[in-house]
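Naming convention: chains lettered A, B, ... in sequence-line order (proteins, then strands); numbering from 1 in each chain. Just so it is clear, the model here is predicted, and its values are computed rather than measured.
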Amino acid sequence: MFVSFISSFETNRIYNLFAEETLLNFIVLSFQEKRLPMTNTAIAEIFNTIADILDMQRVPWKPVAYRKAARIILTLGEELSDTYIKRGINGLKEIPGIGDALAHKIIEYITIGHIHEFEKLKASIPKGLYDLLRVPGLGPKKAWTLYTTLGIKDLSSLKKAAHTGKISTLPGFGKKSEHDILKGIGLVAQGNERQLLGVVLPLALHLVHVLRAHPAVQRAEIAGSLRRMKETIRDIDLLVVTDTPEKVMKHFTSLPLVTRILAQGPTKASVVLQEHINCDLRALPAPSFGAGLLYFSGSKDHNILLRNIAIKKGYKLNEYGLYKGTKPVAGATEQSIYTKLGLQYIPPELREDPASITLARTHTIPSLIPYNSIKGDLHVHTTWSDGAHSTEDMIRAAQQIGYQYVAITDHSKSLHVAHGLDTKRLLQHIEEIETLQKKFSITILTGSEVDILPDGSLDYDDTLLDKLDIVIASVHSRFKASPEAMTKRITTALENSHVTILGHPTGRLINKREPYLFDTDAVFAAAKKNKVAIEINSSPDRLDLKDSHVKLAVKKGVKLCINTDSHATDHFPFIMYGIAQARRGWATTRDVINTLPLAKLLHFIRKS
DNA sequence: GCCGTTTTCGGCCCGACTGTTTTCAGTCG
């Protein structure tokens, strides 16, 4: 009721109406009552839409600012509403790309749930016009032309106009664009959601393998968001070094995986692969390879920052090299370019975080956890609960990887859908593991992934937990509890001295299920106090903790544990996705407990 | 709309490819 009362006022009057402090109290209260989840995503989407509309209307530069702000907001670890509650408008304005005007728009969204200027802007154009922008080859300018000249205001009227040949009569459009638009509408219908890193990376590795086998290819590498190991991927970027690029492009576009060619020039080809994944291939001469790899690895903002540094130092940076006038001064390797710019080498996983440039200036980027540093997997399921393979098979697979230790951690009794083990079966399972140990050189730790019950107690009693080496405490039920209840539930569980690890801490499933909400600061503090490690679950659809939370945990000195949650022998390699998230969150070997040799790991577990 | 070793105004990364042009605007990354 209070909310609707407030929203009936013009925004600028609200700021006069309430003292800052009262307003803050109101926000805190309304958040406790009515959660507005995923505020950052919503605001970023609004800013991008504003940019689209302003672009259509040919407003200069503003769209650039809105898009930049949207990009930065999506990389923030903290909800903007939290930033505002804790540090007010100045907290918002400290975020790069956000000045006075955007800060006020964000506050407006947080406090009253919408942005007046956006609503006005949105009302000025037909709703279906945004869909036009999703058609490949149609940008804001062309969409606006179609709208203002032919009155096209959604996909169906676009389709009709294309079919009747009206579009090709417009200046700037021809028969080919009309044909492409019809094709593009079909693609929009198929959807192009970002796909999981774990789905796209294997496909990209296969393509690299195929390209490397071609005699004209001297080198082939993955670039783009895939090289940064972003949790979801829209398209694959590949680079090759070759003296005969046309040959390689032809080979590439005729691969059986390719279902459609979007563009093909002498040095660049763009195709659609099976499963609707786009893939770009660029050819570069060897002396430019580092510059190309740097440029095509991004992120976009990282490139912009580097180019600005180059300009200030009297250079020009592009995908072919670093130039002083027309003379190339670096380009064969990424390292050579960073060095010339006076920067420390920045690992690709950190190239979305502007802080990496700041630290690179003073050569203070820490050594990130290497991909080969994990000494054992501490979260593994077997056929005793919902795994696909026997205890023995899972142990053998872990040993083949070369791990020093592995923990077998099946589900606890309350998780009926996963055939959780009751007390009797758990005791039998422990016995089986003790017998199996005699057959293997790898150290097998007995464990369990124990449900955290709604009241914060654990699913087994302390006498039973005492028999286990590893206890992963996880939430598997009542995800929609209030943040306060969930915080209490998790922190209570962490107080139990048997708990070693907090499993998949936010419960999210990428593209499928939102994370459950809790006070991250309180949970991390409880983990630190009780010597509990927070899991980075490497399962491709979880990647939980996500990168920004890893960064927060590292900053607070909370220990992490990178596990696969393997339910089959071929899940163990997922560990690399978890390590990637750890690296994206600035974690070093020291932050991760399962980089420790066995004796030191046991020391951590015993909390001595 | 943002930002500052170019600092309160005047800049804002840079190039490939495409289609429709016959020198370029729009799109994309």
Applying ring pair (Phe, Tyr, Trp, His ring centres under 6.0 Å), which residue pairs with at least one partner in [range] are found, sequence neighbours left out?
range                       : answer
residues 200-246 of chain A : His214(A)-His251(A)
residues 345-364 of chain A : Tyr338(A)-Tyr345(A)
residues 283-324 of chain A : none

Separation of atom [atom1] in [X] from atom [atom2] in [N], rounded to whole Å:
X         : N       : atom1 : atom2 : result
Leu138(A) : dG26(B) : CG    : C1'   : 11 Å
Ile53(A)  : dG1(B)  : CD1   : P     : 14 Å
His104(A) : dC2(B)  : NE2   : P     : 11 Å
Ile115(A) : dG1(B)  : CD1   : P     : 12 Å
Leu92(A)  : dG1(B)  : CG    : P     : 16 Å
Asn48(A)  : dG1(B)  : CG    : C1'   : 14 Å
Leu226(A) : dG29(B) : CG    : P     : 15 Å

Select base, sugar-phosphate, or nothing to describe what Pro63(A) touches, counting heavy atoms under 4.0 Å on all strands. nothing
With Ala283(A) via side-chain contact (heavy atoms from CB on, under 4.5 Å) - residues at least two apart: Val240(A), Thr242(A), Pro245(A), Met249(A)
Sorted by chain and residue number, the side-chain contact (heavy atoms from CB on, under 4.5 Å) partners of Lys142(A) (sequence neighbours excluded) come out as Leu138(A), Phe173(A)
Between [N] and [M], how far apart are the two [atom1] atoms, rounded to whole Å?
N       : M       : atom1 : result
dG1(B)  : dT8(B)  : C1'   : 14 Å
dC17(B) : dT23(B) : P     : 22 Å
dT20(B) : dG26(B) : C1'   : 11 Å
dG11(B) : dT6(B)  : C1'   : 8 Å
dC28(B) : dC13(B) : C1'   : 14 Å

Determine yes or no for a side-chain-to-main-chain donor-acceptor pair under 3.5 angstrom, with Ser356(A) supplying the side chain and Leu350(A) the backbone. yes
Could you run through nucleotides 11-21 of chain B and give me one letter per nucleotide, 5' to 3': B if any protein heavy atom sits under 4.0 Å from the base, S if only the sugar-phosphate is that close, - if neither? -BBBSSSSSS-
Could you say whether Gly97(A) or Ala143(A) is positioned toward the 5' end of DNA chain B, judged by the nucleotide with the nearest heavy atom to each? Gly97(A)
Just checking, is any N or O donor in the side chain of Asp52(A) or Thr49(A) under 3.5 Å from an acceptor N or O on the other one? no
Kindly say if Arg58(A) contacts the phosphate of dG26(B), meaning a side-chain N or O under 4.0 Å from OP1 or OP2. yes
